[in-house]
Amino acid sequence: MLPSAFVERTLGDGSPNPLWSRRARAPGGNFELDDTAVSTGALRFTNFTNSRPGVPSGFGGPETGFNPGGGDNGGIESVPHNRIHVKIGGDSGFMSDPSTAALDPIFWLHHANIDRLWEVWRNQGPQFQDPSDERWLTSVVFQMHDGDGRPITFRCADMLDTTKVLHGYTYEAVPVAQEAELESVEMAMAGGARPEFGGESEGPVVLTGPTTKADVVLVPPSGLEAATAEPRHVYLNLENITGAGIPGDYLVYIDVPDDDQPTASFIGVMTTFGLERASDKSLSHGGSGLSQVFEITELASQLKLSEANVSRLKVTFVREGVAKADADAPAELADYAAVQRKPANVTVGKISLFYD
């Protein structure tokens with residue numbers, strides 16, 4: 001639920017509420033955020049980053065330059081970060097567009113929560129470590145302003161102890177994840193061997209209508225005998241997701257073309273926050289679109305994907321849609337609200353499978 005202070009358009013004295021903004025229509029502040037939006041699954045990654053193509057990039061994301069240009073989203077970026085942005089912003093609210101998101105005051109609470117989740121992740125045990133590479137710690141200089149408008153700069157290394165940053169802070173009751181929850185997710189660490197290719201779609205997949213189905217032509221892993229072994233991990237990659245507008249997110253399901261498997265299994269949500277900017281070739285880090293990786297190890301075993309007699313994996317995209325946003329906006333932000341959005345369209349450049 002949106003905190004009540006953000007819901008009403010006016011204060012008790014009739015003056016404008018500075019915390020109200022243009023958002024998806026949500027009576028009483030109820031955006032119907034289900035488990036796919038508020039999941040803390042990203043906390044199960046034991047690695048912060050990863051540069052291996054084909055496997056999840058970890059809690060924080062892939063190794064990049066100053067700005068990401070393609071590559072898999074980090075676990076915390078996909079859910080809850082991206083998912084919450086579009087759920088709250090709707091089809092034309094400020095939160096749905098990276099260039100306007102910070103105009104909505106709820107943006108700052110949302111990002112404070114992402115920061116809090118970083119603290120939760122780091123407090124789970126000694127294996128949950130931030131990067132130690134100097135390129136990450138000190139080479140990038142960020143420029144911002146303090147509360148009085150004065151320019152300030154900082155590096156990642158300056159942010160690792162929240163009690164020592166400007167106006168230091170801590171979070172109350174930072175929970176610790178249960179050990180049993182972590183045992184089932186042994187994520188690949190950076191620096192390992194390249195995962196083995198397991199198949200791909202026959203071309204780009206244009207997502208049209210409420211449901212789009214695509215096939216992945218499978219190649220059984222060469223180093224396994226299906227009768228006696230299974231891959232440690234199986235990953236489904238959605239690569240070079242490009243498009244325009246604010247299409248909303250997609251629920252992703254998999255199954256095999258077999259009468260014995262009549263019900264597709266849900267594997268996760270393909271988020272589209274930032275899609276248009278990532279697809280814009282005129283931007284310095286745009287053009288290649290977004291990418292997302294799902295671990296499907298357990299389902300792959302159930303579907304017997306590593307066996308030679310299974311030739312195809314069926315992938316289904318169900319468009320969740322995006323809620324209609326209020327037409328009104330704070331008076332001082334009317335110019336931003338008047339920007340016309342491009343018609344929504346999404347293309348997945350390639351769907352691929354990897355064994356690890």
Side-chain angles (χ1 to χ4, degrees), residues 36 52-57 61-62 64 68-75 77-79 81-83 85-86 91 96-98 195 197-219 234-257 264-281 283 285-296 299-300 303 305 311-322 341-355:
T36 66
R52 296 173 63 206
V55 305
S57 58
T64 70
D72 172 39
N73 287 332
E77 183 177 4
S78 291
V79 179
H81 176 264
N82 290 357
R83 191 97 164 103
H85 266 280
V86 175
D91 66 345
S96 290
D97 186 339
F197 174 74
E200 65 182 9
S201 56
E202 296 176 322
V205 180
V206 180
L207 304 187
T208 58
T211 301
T212 303
K213 296 181 181 294
D215 282 357
V216 174
V217 180
L218 297 178
V219 177
V234 184
Y235 303 111
L236 184 76
N237 284 238
L238 307 179
E239 304 177 41
N240 305 120
I241 306 163
T242 58
I246 301 176
D249 296 335
Y250 288 78
L251 308 180
V252 185
Y253 300 82
I254 62 170
D255 62 1
V256 293
S265 299
F266 175 69
I267 63 168
V269 180
M270 186 186 84
T271 59
T272 63
F273 179 66
L275 174 72
E276 188 167 289
R277 289 174 64 86
S279 306
D280 189 344
K281 295 180 179 179
L283 299 178
H285 297 276
S288 59
L290 306 171
S291 293
Q292 206 156 339
V293 180
F294 301 97
E295 180 172 6
I296 61 168
L299 289 173
L303 298 173
L305 295 189
S311 62
R312 289 178 180 266
L313 173 68
K314 298 188 73 68
V315 181
T316 302
F317 298 87
V318 178
R319 184 179 179 184
E320 186 180 55
V322 61
R341 302 290 180 186
K342 295 179 181 178
N345 66 84
V346 183
T347 297
V348 180
K350 182 169 64 175
I351 308 172
S352 56
L353 194 78
F354 288 90
Y355 300 101

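What's counted below: heavy atoms across the whole structure, side chains too, no hydrogens, waters or symmetry copies.
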Is any NZ, NE, NH1 or NH2 atom of the basic residue among [X] and [Y] found under 4.0 Å from an Asp or Glu carboxylate oxygen of the other?
{"X": "Glu202", "Y": "Lys350", "result": "no"}
{"X": "Asp91", "Y": "Arg341", "result": "no"}
{"X": "Arg83", "Y": "Glu320", "result": "yes"}
{"X": "Asp255", "Y": "Lys314", "result": "no"}

Practice problem: Might you work through the side-chain contact (heavy atoms from CB on, under 4.5 Å) test for Leu305 and Leu313, ending with a clear yes or no? | Solution: CA-CA 8 Å; Leu305 295 189; Leu313 173 68; 4.1 Å; yes

Indicate the atoms forming the closest heavy-atom contact of [X] with [Y], along with that distance.
{"X": "Gly74", "Y": "Pro62", "answer": "N-CD, 4.3 Å"}
{"X": "Gly54", "Y": "Tyr235", "answer": "O-CB, 3.5 Å"}
{"X": "Thr242", "Y": "Ser279", "answer": "CA-OG, 3.2 Å"}

Quiz item: With side chains defined as the heavy atoms from C-beta onward, is the minimum distance between Val205 and Ile351 less than 4.5 Å?
Solution: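 They are in side-chain contact.
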
Quiz item: Do Val348 and Phe317 have side chains that get closer than 4.5 Å, going by heavy atoms?
Solution: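 Yes, side chains in contact.
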
[atom1]-[atom2] distance between [X] and [Y], expressed to the nearest 0.5 angstrom:
{"X": "Arg312", "Y": "Asp215", "atom1": "CZ", "atom2": "CG", "value": "5.0 Å"}
{"X": "Tyr253", "Y": "Ser265", "atom1": "OH", "atom2": "OG", "value": "10.0 Å"}
{"X": "Lys342", "Y": "Ile246", "atom1": "NZ", "atom2": "CD1", "value": "12.0 Å"}
{"X": "Leu207", "Y": "Tyr250", "atom1": "CG", "atom2": "OH", "value": "5.0 Å"}
{"X": "Leu290", "Y": "Glu239", "atom1": "CG", "atom2": "CD", "value": "12.5 Å"}

Examine distances only and state if a side-chain atom of [X] and a backbone atom of [Y] form a donor-acceptor pair shorter than 3.5 Å.
{"X": "Asp249", "Y": "Thr272", "value": "yes"}
{"X": "Ser57", "Y": "Asn73", "value": "yes"}
{"X": "Ser291", "Y": "Asp72", "value": "no"}
{"X": "Glu276", "Y": "Gly245", "value": "yes"}
{"X": "Asn240", "Y": "Ser288", "value": "yes"}
{"X": "Gln292", "Y": "Val269", "value": "yes"}
{"X": "Thr316", "Y": "Lys213", "value": "no"}

Quiz prompt | Evaluation steps, side-chain contact (heavy atoms from CB on, under 4.5 Å), between Leu275 and Ile241 | solution = CA-CA 8 Å; Leu275 174 72; Ile241 306 163; 4.0 Å; yes

Exercise. Show your working on side-chain contact (heavy atoms from CB on, under 4.5 Å) between Asn82 and Glu77 and close with a plain yes or no.
Key: CA-CA 6 Å; Asn82 290 357; Glu77 183 177 4; 3.6 Å; yes

Quiz item: Is the Phe273 ring parallel, tilted or perpendicular to the His85 ring (thresholds 30°, 60°)?
Solution: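 Rings of Phe273 and His85: parallel, under 30°.
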
Exercise. Could you give me the CA-CA distance, side-chain angles and deciding distance for Leu236 and Phe354, then say whether side-chain contact (heavy atoms from CB on, under 4.5 Å) is met?
Key: CA-CA 7 Å; Leu236 184 76; Phe354 288 90; over 6 Å; no

Self-check item: Residue of the set Val315, Leu218, Ile254, Asn237 for which side chain to side chain contact (heavy atoms under 4.5 Å, CB included) holds with Leu353
Solution: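 Single side chain to side chain contact (heavy atoms under 4.5 Å, CB included) partner of Leu353 among Val315, Leu218, Ile254, Asn237: Leu218.
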
